[in-house]
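Order of listing sets the numbers, starting from 1, for every ligand and every atom in it. Just so you know, residue 1 is the first one in the sequence shown, and it goes up from there.
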Amino acid sequence: MKTKTPSSTLVLFSGGQDSATVLAWALSRFDRVETVGFDYGQSHEVELEARIQVRDGLMRLNPEWESRLGQDRLVDLTGYGALAESALTSDMEIAWQADGLPTTFVPGRNLVFLTVAAALAYRRGLERLAGGMCETDYSGYPDCRRETLDAAETMLSLGLARKMPIETPLMYLTKAQTWALANEIGGGSLVDLIVERSHTCYRGDRSQRHDWGYGCGDCPACELRAKGWQDWGASR
Ligand code: ZN
């Protein structure tokens, strides 16, 4: 019989398509998986509800995943969100800034999230962090780049005096490839769960159901999700 050391991870989990896929990826790989989410004033009850629904759905999908999935923590970062104000946390228009980044960019967001998550992982005895950060996102958020995460990994490992790897399985995938990965991990039922329960729309709109899930259909997050879904469909 093959024996192996139990492995563990803390997934940064927002309830969106990417982090839902990463959570399933982690559950298919690690013995113990916990989740952390952040309330930075991004306004939507919808997102918080999606987190609960996706976690519940994943547990129902697979008894092994149910046994592996541990506690969830929602961390209040509204103080940070207020000072790092963006189109996600205020009534600012979604548009391009002079520096080439969209107003949905929340300065330092992943750096703050990773530091807080690392503190939690340290306390909970979890070996690593995992998140849905992705360089291929349309917006080119600089804190989603692997180069930034490599530096964060070094900083956290030095500052905590223990290794704190940051797993980013979606880093170089297109949104179509992210749908394909979900299908590979959990087949049609995982894809259906992500379509039905995860939430990506910047406007928090769940009044309209599209092939790819719920959303306003025309914010940048909806457009990206819809395009990924269509590209994946076309490639099958
Ligand atoms: Zn939308």
- Task: Return each pair, listed once, that meets salt bridge (Lys or Arg N to Asp or Glu O under 4.0 Å) where at least one residue sits in residues 187-204; pairs must be two or more places apart or across chains.
- Result: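 Every pair satisfying salt bridge (Lys or Arg N to Asp or Glu O under 4.0 Å) with a residue in residues 187-204: E196-R209, R203-D218.
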- the Zn ion (ligand 1) - number of protein N/O/S atoms closer than 2.8 Å: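 Considering protein N, O and S only, the Zn ion (ligand 1) has 4 within range.
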- From L190, L170, L173, residue fulfilling side chain to side chain contact (heavy atoms under 4.5 Å, CB included) relative to T21: L170
- Query: side chain to side chain contact (heavy atoms under 4.5 Å, CB included) with F13: which of V22, V36, V54, V33?
  - Reply: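 The single option meeting the side chain to side chain contact (heavy atoms under 4.5 Å, CB included) with F13 is V54.
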- Item | Short side-chain donor-acceptor distance under 3.5 Å, D143 and T148 | no
- Ring-face cation contact, W229 with R225, 6.0 Å cut, 45° max: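 No cation-pi geometry.
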- Query: Okay, side chain of T9, backbone of R128: is any donor-acceptor separation there less than 3.5 Å?
  - Reply: yes
